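Quick notes on the structure that follows.
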Amino acid sequence: MKIVHVLTRLLRGGSEENTLACCLAQARHGHEVLLVHGEEYDPILRASVAEAVRVMTLEKLINSISPSRDISAFGQLTRLMRDWRPDIVHTHQSKAGIVGRLAAREANIPCIIHGVHILPFVHVGKAQSLMYLAAERLAAKVTQAFIDVSQAMRDICIANHLGSAAQHHVVHSGFDLTRFANAQWPQQSHLLLGTAFGEPKPPVVLMLAALEPRKRHVEFIEAFGQTVERIPNVRLLLAGEGPARSTVESAIQRSPFANNVRMIGYHSEPERLISLADVCVLTSMREGLPRVMMQYLAGGRASVVSHLPGVEEVVKHGVNGIVTPAEDVGAAAAAVADLLENEQYRARLAESAKLTDLSSWGLDAMCDSVELIYQSALESALPAARPNEAQIRAGLTKQTVGLHGF
């Protein structure tokens, strides 16, 4: 197969990393793969797949809404797809999902698939929600299959008339499970924590998340004071990079507890950070089913996570983690303090986390499932795309049957 993946951004995050894993697996299986991403990208991440797949940067494709640039990106993608003539276009992320699917339709691509990593119309203002939902419904009309990261995401899509139940397939966001289950502390961990060499490790809270407003680092830093008041020597490690870095840095500088917060940026071995942590936390307001939650569980750590769509599929409140209301960051900070003060309860959650069945989050399981969905969707789409004998005799073979542009 010839496959095009389209991403708005190529940064360090779950949707990007599982897309890259699929690209590499597809290349190993002999498929011809082209990865197209927008102007925001990590050059190291880009280079990590450049030898196995073709990679193209589309600078007009941006995360924010910009009618002029969006129209330009639509035109560029349409021309690219007409020239390259892929069998499948697989879009990821909200903006690329809209622009990419409409461009694929305009280019008469036989099979269009969208990965539902996040729902842009959830947990936003009413006007934004209506606008995003209208755009998603338009793009859904030209989509053969949806790949959802959780059952809850699938259900929300169907309830909002984004495709039929038969078009939706749940595939969990895969990662290397053994890497997290067997991890050791990072080397020179005292430097990460800001402690002296040989000094006993203080209680550690880890937030492993891209620096984006929806992850709510700033709000958690502001609420973290109540944790420090109860556990004065606690350390909060913020691991990740992103567009909100300066905002997060300013929040730390303003905080009277700045000495308790350590911003360490991107770390190439997140499993070691999880091993170092006593409690892991995620306070996202809007997200799919974040893979980092499963990484916390695979690492055998007690965690406090926001109530997001699908979280109940893996994190059972009071059993293998704590789930707090998505709109209440203060509740997350209080729950972190409770766990740090109650070692027995924390250990019980950690042990249950370690025993959680995460087999469907393995890399091979994800890549194999995506491959099967491609084959099924393409087989269903191709008959509608082929001209029949009568049309051939009439000299209409230049017209693509059933796939007219808007």
Side-chain angles (χ1 to χ4, degrees), residues 183-242 244-267 269-285 292-293 295-296 299-306 321-322 324-326 328-347 349-350:
Q184 303 296 317
W185 286 10
Q187 294 181 347
Q188 297 186 314
S189 57
H190 66 285
L191 298 178
L192 294 175
L193 300 174
T195 58
F197 179 75
E199 181 181 342
K201 182 183 81 71
V204 176
V205 178
L206 171 68
M207 182 185 289
L208 191 59
L211 303 179
E212 300 177 357
R214 64 188 174 92
K215 306 284 188 176
R216 297 191 298 180
H217 294 81
V218 172
E219 292 85 345
F220 188 71
I221 290 166
E222 292 171 351
F224 191 63
Q226 62 178 294
T227 307
V228 179
E229 289 172 356
R230 292 166 60 180
I231 303 95
N233 66 332
V234 66
R235 294 291 191 278
L236 170 61
L237 290 186
L238 303 177
E241 282 293 352
R245 181 180 180 88
S246 61
T247 305
V248 176
E249 287 175 335
S250 296
I252 296 173
Q253 292 168 2
R254 291 195 307 270
S255 172
F257 307 101
N259 290 336
N260 296 85
V261 182
R262 305 284 294 178
M263 190 173 178
I264 63 176
Y266 168 73
H267 197 284
E269 297 178 308
E271 69 279 7
R272 289 180 175 266
L273 297 179
I274 293 172
S275 175
L276 183 65
D278 296 284
V279 177
C280 297
V281 65
L282 186 70
T283 55
S284 299
M285 169 62 82
V292 70
M293 288 187 183
Q295 292 174 343
Y296 291 165
R301 288 296 175 267
S303 59
V304 176
V305 299
S306 295
I322 299 297
T324 56
D328 191 352
V329 178
V336 167
D338 291 342
L339 287 176
L340 291 176
E341 288 182 335
N342 191 333
E343 184 177 353
Q344 186 176 5
Y345 185 32
R346 187 173 75 246
L349 291 181

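Since this is a predicted model, take the numbers as computed values, not measurements.
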Return a table of donor-acceptor pairs under 3.5 angstrom between the side chains of residues 217-233 and protein atoms on other chains or two or more places apart.
residue : atom : partner : partner atom : Å
Gln226  : NE2  : Gly330  : O            : 3.3
Thr227  : OG1  : Ala333  : O            : 3.0
Arg230  : NE   : Glu341  : OE1          : 3.4
Arg230  : NE   : Glu341  : OE2          : 3.4
Arg230  : NH1  : Asp338  : OD1          : 3.3
Arg230  : NH2  : Asp338  : OD1          : 2.5
Arg230  : NH2  : Glu341  : OE1          : 2.7

Minimal non-hydrogen separation, [X] against [Y], with atom names:
| X | Y | answer |
| --- | --- | --- |
| Asp278 | Pro202 | OD2-O, 3.9 Å |
| Arg301 | Ala277 | NE-O, 2.8 Å |
| Pro203 | Leu340 | CB-CD2, 4.1 Å |
| Leu349 | Ala302 | CB-CB, 4.0 Å |

Does Tyr345 have any side-chain hydrogen bond (donor to acceptor under 3.5 Å, both in side chains) partners at least two apart in sequence or in another chain, and if so, which?
->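 Partners of Tyr345 under the side-chain hydrogen bond (donor to acceptor under 3.5 Å, both in side chains) test: none.
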Which residues satisfy the side-chain hydrogen bond (donor to acceptor under 3.5 Å, both in side chains) test with Ser275, sequence neighbours excluded?
-> none
Name all pairs fulfilling the side-chain hydrogen bond (donor to acceptor under 3.5 Å, both in side chains) condition that reach into residues 250-263, sequence neighbours left out, sorted by first residue then second.
->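 Sorted pair list comes back empty.
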Contact check, side chains of [X] and [Y], non-hydrogen atoms, under 4.5 Å:
| X | Y | value |
| --- | --- | --- |
| Leu276 | Pro186 | yes |
| His267 | Leu208 | no |
| Val234 | Val336 | no |

N/O donor-acceptor pair under 3.5 Å between Tyr296 side chain and Ile274 backbone = no
For the pair Ser306 (side chain) and Met285 (backbone), establish whether a donor and an acceptor sit closer than 3.5 Å, ignoring hydrogens and angles.
-> no
Residue pair Val305, Val292: steps toward the side-chain contact (heavy atoms from CB on, under 4.5 Å) verdict = CA-CA 10 Å; Val305 299; Val292 70; over 6 Å; no
Glu249: what forms a salt bridge (charged side-chain N to carboxylate O under 4.0 Å, His left out) with it, not counting sequence neighbours?
->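 Here the qualifying residues are Arg245.
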Please tabulate, for the side chains in residues 187-200, all donor-acceptor contacts under 3.5 angstrom to protein atoms that are two or more places apart in sequence or on a different chain.
residue : atom : partner : partner atom : Å
Glu199  : OE1  : Ala196  : N            : 3.0

Spacing of [atom1] belonging to [X] relative to [atom2] belonging to [Y], to within rounding of 0.5 Å:
| X | Y | atom1 | atom2 | value |
| --- | --- | --- | --- | --- |
| Leu273 | Met207 | CG | CE | 14.0 Å |
| Leu339 | Ser303 | CG | OG | 8.5 Å |
| Gln184 | Glu271 | CD | CD | 10.5 Å |
| Met263 | Leu236 | CE | CG | 11.0 Å |

